[in-house]
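Notes for the one structure printed next.
Along the sequence shown, the residues carry numbers beginning at 1. Below, each value reflects all heavy atoms present in this structure, side chains not excepted, and no hydrogens, waters or symmetry copies.
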Amino acid sequence: MKTTLIVFALIISLSSFLSAQEDTVKEAEFKVFGNCASCKSRIEKSMKIKEVKSARWDKQTKMLSITYFSPAITLDSLQQRIAAVGHDTENIKQQTRCIRSFLPAVCIATQRSLTNLST
């Protein structure tokens, strides 16, 4: 009985230690440029990975609110995923050579006009 209690105590101690070593849940918010419901769907869908707990993009403010597991993934790599589906973020620009394959024509025209205004 005494041995069973010691083993049980060790298991609890070990599981507490291991759970403390797990990824930390972090929340962040950053700007992602888009225009429509299709953009919202594409942006949020790109965040449907196991390292992301939740992601919600607001069309009006252009802000993506995200809850993710760190250090399993970084904000930089999340922004790269968004750029890969055709949307600029605050820090990373999408690859212009692939924009036509992802974005509807109205979004391409709007992105071009925003780019021209900023240069």
Note: D58 and T61 closest approach over all heavy atoms is OD1-N, 2.8 Å
Of all heavy-atom pairs between R81 and S46, which one has the smallest distance, and what is that distance?
-> NE-O, 3.0 Å
Do L78 and V85 belong to the same hydrophobic cluster, where Ile, Leu, Val, Met, Phe, Trp and Tyr are linked whenever their side-chain heavy atoms lie under 4.5 Å apart, directly or via other members?
-> no
Judged by atom type as modelled, is there a donor-acceptor pair below 3.5 Å linking the side chain of K62 to the main-chain atoms of G34?
-> yes
Once you round to the nearest 0.5 Å, how far does CE of M47 lie from OG of S65?
-> 13.0 Å
Distance (rounded to the nearest 0.5 Å) between K59 NZ and C39 SG | 9.0 Å
Flag yes if I49 and F69 sit in one hydrophobic cluster, no otherwise; membership is Ile, Leu, Val, Met, Phe, Trp, Tyr, and two members link when side-chain heavy atoms are under 4.5 Å apart.
-> no
Hey, quick one: are L75 and I82 part of the same hydrophobic cluster, counting side-chain heavy atoms closer than 4.5 Å, chains of contacts allowed?
-> yes
Do F33 and W57 belong together in a cluster built from hydrophobic side chains that touch within less than 4.5 Å?
-> no
Going only through I, L, V, M, F, W and Y residues with side-chain contacts under 4.5 Å, is there a path from F30 to I73?
-> yes
Candidate list K40, K48, R42, test salt bridge (Lys or Arg N to Asp or Glu O under 4.0 Å), partner E44, passing option | K40
Taking the side chain as every heavy atom from C-beta outward, state whether V52 and I66 have any atom pair closer than 4.5 Å.
-> yes
Only one of T89, T74, V32, D88 passes side chain to side chain contact (heavy atoms under 4.5 Å, CB included) with Q79; say which it is.
-> T89
